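First the structure, in the form of structure tokens, and then the observations on it.
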Amino acid sequence: MKKDWNICNSALALYCITLVTFVFYRAYSLSLTHDEALSYFISKYSLLKIFTFDFNAPSNSHLLYTLLLKGVVALFGNSEIVLRLPALFGFLIYIFFAYTLSRKMFEKWTAIISFILLTANPFIIDFFSLARGYSLALGLLLATFYFAYQSIYSEAKLKYTVYALLPGLLAAMANFAFTTPVIALWIGVGLISLIRAIHTSSYKQFFKQTLLPFIITFIPTYFFVLRPLLFLKEKNELYLGGNHSFVIDTIWGLVRTSLYDKQYFAYADVVIMVILVLVVVTAELLLVMALKQKDSKTLRLLGFTFGVLALTIIGVLAENYIFNMPYVVERAAIYFIPLFMLAFCSLINGLKWGRYVGAIFALIALLHLSNSLNPNFTYNWKYDADTKAVVRDIDALHAETKGQRETIVSEWLFDPSINYYSERRGISGLYWASDAEVATSARYFLLLPFQKDVISKYNLRVIKEYPTSQLTLAVRE
């Protein structure tokens, strides 16, 4: 058994090294995407403008990441890898707490399964290499989960309560969408602490160890999270989402993105939805059994993980019903993936045959990850996979005209990343436009697949086609 355990640990270490190497290489090599370039240009504003969101498209600013970006650019320049340094730091936080939290909550084999399920999702992996707030928010969310769990079941409750509040606040600042799960975790800690205080009549201890830290934390939370959210809501900037239902928009959307466009068999997404339902039903049955048998460990794990998951779902539903906000979708709902994985592992941890079921799912997750990952593009921004190469090629063509002023027509989607690479290469004399009215006088055209009719319309010559992004670079003769 000890030999098997050592082999398993060695395999896990190899997996971590491979994953870290891949994420860091991707951060170095990926072409900067639309949203990343926007983050960079937003970070150029003054601190006052950043904190007050006084600029165009304010919802594109992930506050904590924008502030860190401003710092790293001032220190190290504006290369792609520098812009992504805070995201890489968030990735390391995520890996650390995925391992630490799994070891703390579960028995050793379930802990390994938990770690794999937390890290072997290609959609989540995308964001660890991108200059956006998702990576930091994911890492800090797991840190909040870990300290929240410790604050409830550890002797040093005050210390861990404070520790749960700080990374929770930072997670929400890193990405406002994470405010919902963070508040769910805080409510979970508060409710369990209050119930214990009522049972033991330790109200002074409850005030000192739980209520007072929460009150103190509310002040920065209001100014750095809640107030900006109210401002963005007033400006109709919280538009990313769906209006069908929580199941269709949020859950089904996450299933599709996690599949990463890999349709292994017909109705694969439907099968996964059925599995999710079975997990919830089984958890309810196990919870009833644990209550009857007074199994405190199973009750603790299932109660906390499924409780936080339920509170988060209630929060999303409340946002839609009370504030008329859309249901969170895809990347805005990405926090549901680690929350569900922890709940699932809490379930299999309480079943005799759970480790075998979990091992099957972990193996499937690893196979899917190996089949989905690539160094060239991300799921949400595949169209930006070749923007760096496009600007390089246009720069070479422009040099042949001896730097005279020329116009390039492209979709507005490419404006931020094209402007970033133009700045990086020091290109002058090129005017980037997405307005169709300038097409009659433009020299260069960057075309998406559905725009190829422009080639014959303006008698253009195709310079290059880019297979990954399916872009076409054409020039007027």
Side-chain angles (χ1 to χ4, degrees), residues 11-40 65 72 76-95 98 116 118-136 138-139 256-264 330-331 334 337 364-393 413-414 416-418 420-421 424-425 446 448-449 464-473:
L12 196 64
L14 179 62
Y15 166 69
C16 288
I17 293 170
T18 304
L19 196 60
V20 170
T21 303
F22 176 82
V23 168
F24 273 68
Y25 173 75
R26 224 175 179 207
Y28 170 77
S29 64
L30 276 177
S31 181
L32 206 74
T33 64
H34 173 280
D35 286 25
E36 290 181 285
L38 274 179
S39 293
Y40 166 64
Y65 202 96
V72 295
F76 307 115
N78 65 347
S79 65
E80 295 99 322
I81 187 67
V82 169
L83 300 187
R84 291 162 174 161
L85 283 177
L88 293 174
F89 180 60
F91 168 61
L92 295 177
I93 295 174
Y94 186 88
I95 286 286
I116 291 172
L118 285 170
T119 56
N121 185 299
F123 185 59
I124 282 185
I125 295 298
D126 272 357
F127 292 95
F128 293 137
S129 301
L130 297 179
R132 299 291 283 160
Y134 299 97
S135 178
L136 278 171
L138 283 165
R256 290 195 303 270
T257 53
S258 294
L259 282 171
Y260 217 76
D261 284 339
K262 304 293 182 183
Q263 195 70 13
Y264 294 105
E330 297 187 353
R331 61 185 183 272
I334 198 171
I337 296 173
I364 292 172
L366 287 173
L367 291 173
H368 173 54
L369 181 69
S370 64
N371 190 41
S372 303
L373 290 186
N374 68 87
N376 302 317
F377 65 87
T378 57
Y379 181 88
N380 283 125
W381 292 279
K382 190 174 181 178
Y383 62 83
D384 256 326
D386 297 302
T387 309
K388 183 197 297 189
V390 167
V391 176
R392 181 194 63 219
D393 294 338
L413 286 169
F414 299 100
S417 49
I418 283 176
Y420 165 77
Y421 281 111
R424 284 278 295 163
R425 298 182 69 89
L446 183 59
L448 290 162
K464 189 173 182 179
E465 292 186 336
Y466 303 87
T468 304
S469 59
Q470 297 184 313
L471 294 175
T472 300
L473 179 61

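Here the structure is a predicted model, which means the values were calculated and not measured. The analysis underlying the following values was restricted to heavy atoms, covering all of them including side chains, and did not include hydrogens, waters or symmetry mates.
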Do side-chain atoms of Tyr420 reach the backbone of Asn78 as a donor and acceptor pair under 3.5 angstrom? yes
Indicate whether the side chain of Ser129 and that of Arg84 have a donor and an acceptor atom separated by less than 3.5 Å. no
Looking only at side-chain N and O atoms, does His368 offer a donor or acceptor that is under 3.5 Å from a partner on Tyr264? yes
Which is it for Trp381 and Asp126 under the side-chain contact (heavy atoms from CB on, under 4.5 Å) test, yes or no, and what are the steps along the way? CA-CA 10 Å; Trp381 292 279; Asp126 272 357; over 6 Å; no
Between Tyr65 and Tyr134, is the ring centre distance below 6.0 Å? no
Rounded to the nearest 0.5 Å, what separates atom NZ in Lys262 from atom CG in Asn371? 5.0 Å
For Glu80, enumerate each residue passing the salt bridge (charged side-chain N to carboxylate O under 4.0 Å, His left out) test, keeping only those at least two apart in sequence or located in another chain. Lys388
Rounded to the nearest 0.5 Å, how far does CG of Leu413 lie from OH of Tyr383? 4.5 Å
Which value, rounded to the nearest 0.5 Å, describes the distance between Thr387 atom OG1 and His34 atom NE2? 10.5 Å
Write down the atom of Asp386, the atom of Ser31, and the distance for their closest heavy-atom approach. C-OG, 4.4 Å
Using 4.0 Å as the upper bound for N to carboxylate O, is an ion pair formed by Asp35 and Arg331? yes
Asn376 and Thr468 side chains, donor-acceptor separation under 3.5 Å: no
Please round to the nearest 0.5 Å and tell me the distance separating atom CG of Leu19 and atom CG of Leu369. 6.5 Å
Any donor-acceptor pair under 3.5 Å from Tyr94 side chain to Ser135 backbone: no
Thr119 versus Tyr15, side-chain donor and acceptor atoms under 3.5 Å: yes
State the CD1-CD1 distance between Ile116 and Ile364, to the nearest 0.5 angstrom. 12.5 Å
Decide whether Asp393 and Tyr466 meet the rule of one side-chain donor and one side-chain acceptor closer than 3.5 Å. yes
From CA spacing to verdict: side-chain contact (heavy atoms from CB on, under 4.5 Å), Ile418, Leu446: CA-CA 11 Å; Ile418 283 176; Leu446 183 59; 4.0 Å; yes
What residues form a salt bridge (charged side-chain N to carboxylate O under 4.0 Å, His left out) with Arg392, not counting sequence neighbours? none
Let me see the working for Ile81 and Phe76 under side-chain contact (heavy atoms from CB on, under 4.5 Å), right down to the final yes or no. CA-CA 10 Å; Ile81 187 67; Phe76 307 115; over 6 Å; no
Plane angle bin for Tyr25 and Tyr28 - parallel if under 30°, tilted between 30 and 60°, otherwise perpendicular: tilted
For side-chain contact (heavy atoms from CB on, under 4.5 Å), just list the numbers for Ile334 and Thr257, CA-CA rounded to whole Å, side-chain angles, deciding distance to a tenth of an Å, and then say yes or no. CA-CA 10 Å; Ile334 198 171; Thr257 53; over 6 Å; no
Between Thr33 and Asp384, do the side chains contain a donor N or O and an acceptor N or O under 3.5 Å apart? no
Between atom CG of Leu473 and atom NZ of Lys464, what is the distance when rounded to the nearest 0.5 Å? 9.0 Å
Exercise: identify the closest heavy-atom pair between Ala120 and Leu366: CB-CD2, 4.2 Å
Taking the side chain as every heavy atom from C-beta outward, state whether Tyr40 and Val82 have any atom pair closer than 4.5 Å. no
What are the two closest heavy atoms between Phe22 and Asn374, and how far apart are they? CZ-O, 3.4 Å
Side chains of Ser258 and Asn121 only: does a donor on one sit below 3.5 Å from an acceptor on the other? yes
Do Asn380 and Glu330 come within less than 4.5 Å of each other through their side chains, counting heavy atoms only? yes
Please check if the side chain of Tyr421 supplies one atom and the backbone of Leu32 the other of a donor-acceptor pair under 3.5 Å. yes
Scanning both residues in full, the closest heavy-atom pair of Pro375 with Ser29 reads O-OG, 3.8 Å
Within a strict 4.5 Å, meaning less than it, do heavy atoms of the Ser417 and Glu36 side chains meet? no
